[in-house]
Amino acid sequence: MRAQIKISLKKDVLDPQGRAIKKALHQLGFSEISEVRQGKYFEVDIDDSLELMASKVVERMCQQLLANPVVETYSYELVD
Amino acid sequence: MRAQIKISLKKDVLDPQGRAIKKALHQLGFSEISEVRQGKYFEVDIDDSLELMASKVVERMCQQLLANPVVETYSYELVD
Amino acid sequence: MINILDCKITPELVASHGMKPEEYDQLLVMLNREPTITELGIFSVMWSEHCSYKSSRVLLKTLPTEGSCVIQGPGENAGVVDIGDGDCIVFKMESHNHPSYIEPFQGAATGVGGIMRDIFTMGARPIANLNALRFGDPKHPETRRLLSGVVAGIANYGNSVGVPTVGGETDFDSAYNNNILVNVMCIGLAKTEKIFYSAAKGTGLPVIYVGSKTGRDGIHGATMASKEFSFDSQEKLATVQVGDPFAEKLLIEACLELMAGDVILAIQDMGAAGLTSSTSEMADKGGVGIELNLDNVPQRESDMTAYEMMLSESQERMLMVLKPGCESSAEKIFKKWGLDFAIIGYTTDSDRLVVKHNGEVHADIPVAMLVKAAPLYKRPWIETSKPEFIPTSTISTPSNTIESLKLILSHPQGCSRRWIWEQYDHMVMGDTLSRPGGDAAVVRVHGRDKAVAACCDVTPRYVLADPYMGTKQAVAECWRNLISVGADPLAITNNLNFGSPERKDIMGQIVSSVSGMGEACRALDFPVVSGNVSLYNETENQAIPPTPTVGGLGVLRRIDHMVNLAFKEEGNVILLLGPETGHLNQSLYQQIIIGSLSGEPPPIDLLEERRTGDFVRKLINSKKVFAVHDVSDGGLLVSISEMSLAGGKGANLLEYNGNLSTQGVWFGEDQSRYIIEISSVDSHAIIKSAEEAGVKSRVIGHVCGLTLMVGNEKIALEELRMVHEKWFSEYMN
Amino acid sequence: MNVCVIIFPGSNCDRDIKLALQKTAGFKVTMVWHGDSEVPKCDAIILPGGFSFGDYLRCGAIAARTPIMRCVVEKAKSGVPVLGVCNGFQILCELGLLPGSLMRNSRMLFVCRDVYLKVENTDTPFTGSFEKGDVISIPVAHHDGNFFAMQDTLNRLEGEGLVVLRYSDEAGAITSLANPNGAQRNIAGICSSNGRVVGMMPHPERACEMVLGNTDGKLFFKSLKSALTV
Ligand SMILES: Nc1ncnc2c1ncn2[C@@H]1O[C@H](COP(=O)(O)OP(=O)(O)O)[C@@H](O)[C@H]1O
Ligand SMILES: [Mg+2]
């Protein structure tokens with residue numbers, strides 16, 4: 001089983017990387033862009049035997065390590 | 001409209017970050033994890049007027065800037 | 001899984017390995033049978049230009065490699081020079097041109113990682129990195145991306161590992177548009193009685209693999225570095241090598257910890273062509289055979305073939321031969337640092353490289369065939385035609401000196417490189433005595449009252465006009481930069497970057513360049529102890545300008561011998577030492593102000609160079625000079641501006657009224673020259689002793705105020721600084 | 001007096017800070033490997049700069065979750081002075097011993113240069129020998145030193161006087177030009193409510209010798225000495 005985990009910066013948190021990318025996109029002529037936020041993406045392969053427990057485990061991984069609760073939020077999907 | 005873009009490393013490309021994170025997860029007791037790959041995640045807000053063109057624009061953004069075609073692949077979804 | 005032992009060797013397959021038909025015929029004769037695919041792969045990398053130096057070996061033999069300070073010349077992982085008190089310096093330069101063009105960040109980063117491994121392989125702790133970079137025209141659409149990627153890659157790797165990047169040089173020229181150069185240099189500190197070599201002497205000894213796991217990275221990097229480029233190279237690409245500076249840091253600590261004991265018999269990093277070249281070279285040097293069992297190689301991917309493992313260029317790996325019985329204590333150290341450790345083979349008395357995988361033999365080749373019997377070419381060449389001599393007086397020039405100065409200092413070629421070196425942690429390790437921005441970087445020998453100095457130099461426009469003279473100049477400038485910080489120059493490393501040696505004109509550049517390098521090194525007592533050759537730097541038949549980068553090393557026996565270029569004291573005299581002919585041909589002035597380069601590069605008289613340098617060195621040691629700077633790119637006025645900016649002190653320069661053209665005097669690039677700052681009290685005696693030493697000198701002004709004044713023209717230091725600093729950050733923004 | 005320096009794989013300023021502690025204030029320094037289960041008895045703890053665990057995931061994130069850090073937190077709670085420099089500051093924030101987070105520099109580039117700092121809080125064990133308002137110069141070298149905290153946290157920090165150092169110009173003016181990384185309100189260093197835990201991005205250990213260009217860093221270590229002596 002695989003967890004696809006997205007980590008994003010909280011809304012009020014300044015995102016220097018997103019801002020730099022937005023600027024670069026504008027410079028490349030992508031004027032249709034109004035906002036860019038950069039986050040992280042993880043693919044985590046999990047033992048199939050976990051089954052229903054899997055989402056609990058993923059939650060805990062995000063809380064304990066993958067996301068920094070001060071500035072980030074997370075969301076995830078489980079796929080086969 | 002918002003594009004949610006996931007950038008992942010190609011399969012054979014070394015992912016030192018993913019490896020270090022896997023190790024850290026194991027040390028925290030998440031022994032059910034067999035593999036971690038780290039990528040990037042972008043949320044890009046796009047002018048609604050683009051409508052059907054939007055996915056073309058996102059493709060081009062990924063190719064020209066967001067993904068490094070030598071080592072990365074990308075995928076995306078458009079949401080409202 | 002397909003059995004790769006059954007793979008048929010076709011002419012196309014041979015060609016795709018970069019092997020010429022006649023080379024393949026030679027292989028068939030030597031082997032007396034058809035090779036397996038794994039053997040073909042092994043031969044293709046060992047016989048590539050990159051590993052075999054087949055076009056340059058004959059020439060490199062002519063370079064002087066001996067001297068009183070030399071402990072180890074070319075032929076090992078790096079050169080070693082003695083700096084007294086049982087300390088020695090291990091150093092070398094290497095190129096990562098092609099990988100950096102394809103993936104600038106990872107290409108440059110893995111270049112830094114690779115050169116550092118060459119250094120700590122020999123038992124030295126890396127203490128400083130330098131880099132010499134050449135990019136295309138700033139207006140070329142790719143330049144900005146390549147530049148930012150390369151600098152970020154170098155920064156990321158060096159900064160994370162915790163080795164300061166202390167200097168280098170950067171140039172732009174449209175001739176590098178599709179073939180940038182990334183030359184990286186590393187300096188390490190070791191104990192003279194604890195240097196480690198790569199010869200695997202003795203049979204039945206365990207061959208150990210340590211470091212990161214093997215993946216499919218960069219298969220065929222060595223053959224790629226030995227081919228011309230075409231625009232579709234990106235498609236054919238094997239998996240790009242990705243650097244892991246964290247793993248490198250652990251590898252350094254683990255290796256140095258193991259080296260503190262007495263268990264390593266031989267050690268070799270896995271660089272280009274990974275397992276293949278490291279095993280062949282260790283076996284060849286030790287006069288033994290090696291039998292490998294690839295089943296034991298730590299692997300990152302599943303189902304890797306013997307071919308892939310032998311050719312993989314995964315980073316952060318080393319090969320060692322240990323004293324028998326020491327395996328478990330060694331393993332403990334590597335496990336502590338979280339690194340893989342595996343016994344993957346043994347030395348044998350068969351003189352053959354034997355590769356086994358899954359119970360089958362995939363290669364069985366006499367080691368000598370891979371190394372000593374590799375092809376050797378004496379390629380035909382023609383001499384570069386001498387540039388026409390253009391008397392300087394015929395160059396018509398605008399007359400406003402300060403305007404010209406501003407144009408040069410704000411030009412991509414003449415502006416400050418701060419944007420680059422502020423991204424490098426140049427202070428970590430706490431021994432950087434002279435930071436980037438000076439003539440040579442100075443790094444203290446940790447815990448001692450002495451230091452080493454290092455710099456990189458070459459002026460490709462000179463070398464293009466006259467490869468022989470231009471390369472002499474590169475060596476001399478490097479020597480001069482070391483003298484300028486108070487060091488005794490000891491030895492050099494180099495990186496010979498050229499186009500295809502299969503072209504007679506390019507081969508002619510190589511021949512003349514190496515000959516000029518040899519002559520300058522002999523005259524300056526400045527032997528070559530290591531180096532690297534990078535050929536086939538061309539794209540669609542457009543070769544780069546010949547770029548023989550010289551990396552120099554010097555020693556300061558005492559830290560208080562150090563000087564820098566910053567003006568120190570109001571009222572001090574500014575004295576020029578060395579010849580003045582107002583040579584403007586091939587100068588930055590010609591390029592930037594007149595708009596095109598022509599004529600011959602500034603000639604160099606090595607005896608005069610030496611005389612002047614030795615005089616400056618004595619003067620520095622006598623503590624009579626406040627500041628020293630050599631005169632190079634841009635000429636006298638540019639050098640003085642740099643001294644003013646570094647010291648935050650202006651200068652009042654006398655109007656020139658001799659026989660030479662004013663522009664030639666202020667912007668000419670005559671060689672063998674230094675500017676020194678001395679007190680007015682000492683000036684008479686110093687001028688007199690210069691005369692006695694046969695060194696020309698001329699007072700050109702004195703340190704004064706916050707303005708640079710040239711006759712009746714002037715510019716405020718603050719404006720000068722803005723002019724100098726502006727271009728780079730604006731360009732990169 | 002004994003100071004413990006915690007070393008992680010990837011730390012690279014550990015040797016520099018050890019020397020600074022020994023040379024400027026005569027401390028006995030114990031290097032503690034992160035894999036050890038306990039921090040030995042000591043008078044202060046230092047988390048040095050570098051790239052612990054490669055700074056992979058987030059700077060300091062993996063180091064903050066190593067077992068030894070539980071012991072560091074306990075000691076900090078019991079009042080043992082703790083200083084985090086650069087990567088050490090990032091670790092302290094990841095640990096929650098200090099508020100906020102250190103984001104990517106606003107110019108997106110690693111920055112290594114001398115900066116001016118205004119000392120605003122002299123009630124910590126590491127800044128007691130400064131005068132309030134002193135302007136000093138020491139180097140920074142980081143890629144992620146852009147201090148961020150939510151507005152209410154920032155206001156609390158300011159209100160309680162917990163901002164220890166701010167990037168300033170030579171005259172002490174807090175300007176955006178003097179800010180090397182985009183840090184909110186030019187914050188270069190902060191401390192915990194009781195002042196015992198200090199995190200700072202600049203590297204005092206790099207400014208302790210005249211031959212290296214500067215000695216303004218010495219006072220941080222001398223301050224600690226005096227704080228421990230009384
Ligand atoms: N790529 C680089 N990396 C680090 N330092 C650099 C780089 N390029 C230039 N520098 C530094 O900028 C200064 C000026 O370089 P350069 O003009 O080539 O000096 P010189 O003429 O004395 O050889 C030197 O101190 C050099 O070390
Ligand atoms: Mg110079």
Side-chain angles (χ1 to χ4, degrees), chain C residues 125 148 151-166 243-254 335-339 418-437 442-444 446-447 449 451 559-560 562 564 566 729 732-733, chain D residues 7-20 22-23 33-36 48-57 59 62-63 85-87 105 107-115 138-144 170 180-181 202-214 217:
Chain C
R125 178 175 284 280
S148 78
V151 171
I154 292 172
N156 176 267
Y157 208 100
N159 298 355
S160 318
V161 171
V163 175
T165 303
V166 294
D244 182 356
F246 176 53
E248 178 104 338
K249 166 78 175 160
L250 305 181
L251 194 56
I252 294 178
E253 299 305 335
K335 287 279 157 314
K336 167 182 151 197
W337 289 100
L339 297 165
R418 178 185 304 275
W419 184 88
I420 294 181
W421 49 256
E422 278 197 346
Q423 293 184 56
Y424 300 151
D425 188 340
H426 46 266
M427 302 182 223
V428 64
M429 294 185 100
D431 287 312
T432 306
L433 304 184
S434 172
R435 302 179 188 179
V442 181
V443 178
R444 176 170 54 189
H446 190 66
D449 181 37
I559 283 170
D560 64 7
M562 185 172 77
N564 62 26
S729 46
M732 293 310 299
N733 213 323
Chain D
I7 317 176
F8 304 95
S11 297
N12 63 29
C13 301
D14 42 323
R15 185 184 81 178
D16 301 357
I17 211 154
K18 172 183 175 187
L19 277 177
Q22 291 172 333
K23 280 199 181 160
W33 181 241
H34 80 288
D36 296 354
F51 288 70
S52 57
F53 296 91
D55 270 356
Y56 295 150
L57 185 58
C59 301
I62 299 180
V85 173
C86 198
N87 199 223
N105 294 348
R107 283 166 63 231
M108 309 304 296
L109 304 176
F110 190 97
V111 59
C112 178
R113 68 159 81 124
D114 290 330
V115 296
I138 55 180
V140 290
H142 59 249
H143 208 164
D144 300 79
E170 194 172 358
N181 54 32
H203 286 272
E205 78 279 11
R206 295 187 183 187
C208 292
E209 273 187 272
M210 216 45 233
V211 280
L212 298 179
N214 196 330

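Proteins come first, then strands; the chains are lettered A, B, ... in the order of their sequence lines, and each starts at number 1.
Heavy atoms of C/Asn159 lying under 4.5 Å from chain D belong to its backbone as well as its side chain. Both the backbone and the side chain of C/Asp244 come within less than 4.5 Å of a heavy atom of chain D. Contact of D/Arg113 with chain C is made through backbone and side chain together, with heavy-atom distances under 4.5 Å. Heavy-atom distances place the backbone of C/Thr432, and not its side chain, under 4.5 Å from chain D. Only the side chain of C/Leu250 comes within contact range of chain D, with heavy atoms under 4.5 Å apart. Only the side chain of D/Tyr56 has a heavy atom closer than 4.5 Å to any heavy atom of chain C. For D/Glu209, the part lying under 4.5 angstrom from a heavy atom of chain C is the side chain only. Heavy atoms closer than 4.5 Å to chain D are found nowhere in C/Val151, neither backbone nor side chain. C/Arg418 does not touch chain D: none of its heavy atoms, backbone or side chain, sits under 4.5 Å away.
Among the candidates D/Gly35, D/Ser11, D/Gly54, the residue making the largest number of heavy-atom pairs closer than 4.5 Å to chain C is D/Gly54. Counting heavy-atom pairs under 4.5 Å between each of C/Ser148, C/Ser160, C/Gly430 and chain D puts C/Ser160 at the top. Chain C forms the most heavy-atom pairs under 4.5 Å with one residue out of D/Val211, D/Leu212, D/Asn87, and that residue is D/Leu212. Most heavy-atom pairs under 4.5 Å with chain D: of the set C/Met562, C/Arg444, C/Lys336, this distinction falls to C/Arg444.
To the nearest 0.5 angstrom, D/Ser52 atom OG is 12.0 Å from C/Lys249 atom NZ. Distance check: D/Phe53 CZ to C/Phe246 CZ gives 6.0 Å after rounding to the nearest 0.5 Å. One distance of note links CE of C/Met427 with SG of D/Cys112; it measures 3.5 Å at 0.5 Å rounding. D/Asp16 contributes atom CG, which lies 7.5 Å from atom NE2 of C/His446 (distance to the nearest 0.5 angstrom). Rounded to the nearest 0.5 angstrom, C/Met732 CE and D/Arg107 CZ are separated by 11.0 Å. In this structure, OG on C/Ser729 lies 10.5 Å from CG on D/Leu109, to the nearest 0.5 angstrom.
Between the side chain of C/Asp425 and the main chain of D/Ala141, no donor-acceptor pair closer than 3.5 Å is present.
With salt bridges taken as basic N to acidic carboxylate O contacts below 4.0 Å, one links C/Asp431 and D/Arg15.
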- What do the steps show when you test D/His143 against C/Asn156 for side-chain contact (heavy atoms from CB on, under 4.5 Å), and what is the final call? CA-CA 9 Å; D/His143 208 164; C/Asn156 176 267; 5.5 Å; no
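Taking the six-membered ring for Trp and thresholds of 30 and 60 degrees, D/Trp33 and C/Trp337 have ring planes more than 60 degrees apart, a perpendicular arrangement.
Evaluation of the ring pair (Phe, Tyr, Trp, His ring centres under 6.0 Å) rule for C/His426 yields C/Trp421 as partners, not counting sequence neighbours.
Of all heavy-atom pairs between D/Asn12 and C/Gly162, the closest is ND2-CA, 3.2 Å.
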